[in-house]
Amino acid sequence: MSNEELKNVAAACPNFYWKLFQSTFLISAFTVGGGFVIIPLLRAKYVDEYGWLSDKETLNLVSIAQSMPGVVAGRLSL
């Protein structure tokens, strides 16, 4: 999402940053299972419910996140 698109989304939704924080916090706080469980929930919220991202953008973000080292990648290498 470019800066211009982000500005348009923020202008269309006056409480954009609060909704972003609230939805991310609730999903992260009440989900057990790590990143593989949270990804479909975030997709359902941001793509289907809010329409902030497209399916292609979501797939690109997940691909980038999977290529970076972290807890999930460390657990998979054991």
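Position 1 is the first residue of the sequence, and the numbers go up from there. It should be emphasised that the depicted structure is a prediction, and the values quoted were computed from it without experimental measurement.
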Straight-line distance of L42 CG to L53 CG, nearest 0.5 Å: 10.0 Å
Co-membership, hydrophobic cluster, residues L61 and F16, 4.5 Å side-chain: yes
Heavy-atom side-chain contact between V37 and V32 under 4.5 Å: no
Validation row: I39, R43 side chains within 4.5 angstrom (heavy atoms): no
Residue pair T24, K45: steps toward the side-chain contact (heavy atoms from CB on, under 4.5 Å) verdict: CA-CA 9 Å; T24 306; K45 183 67 84 173; over 6 Å; no
Residue pair W52 / V47, side-chain heavy-atom distance below 4.5 Å: no
Spatial distance of atom CZ (F21) from atom CG (L26) [nearest 0.5 Å]: 8.5 Å
Pair S23, Y50: side-chain N/O donor-acceptor within cut-off below 3.5 Å: no
Sidechain-backbone polar pair: E49 side chain, Y46 backbone, donor-acceptor under 3.5 Å: no
L59 with I64, same ILVMFWY side-chain cluster at under 4.5 Å: no
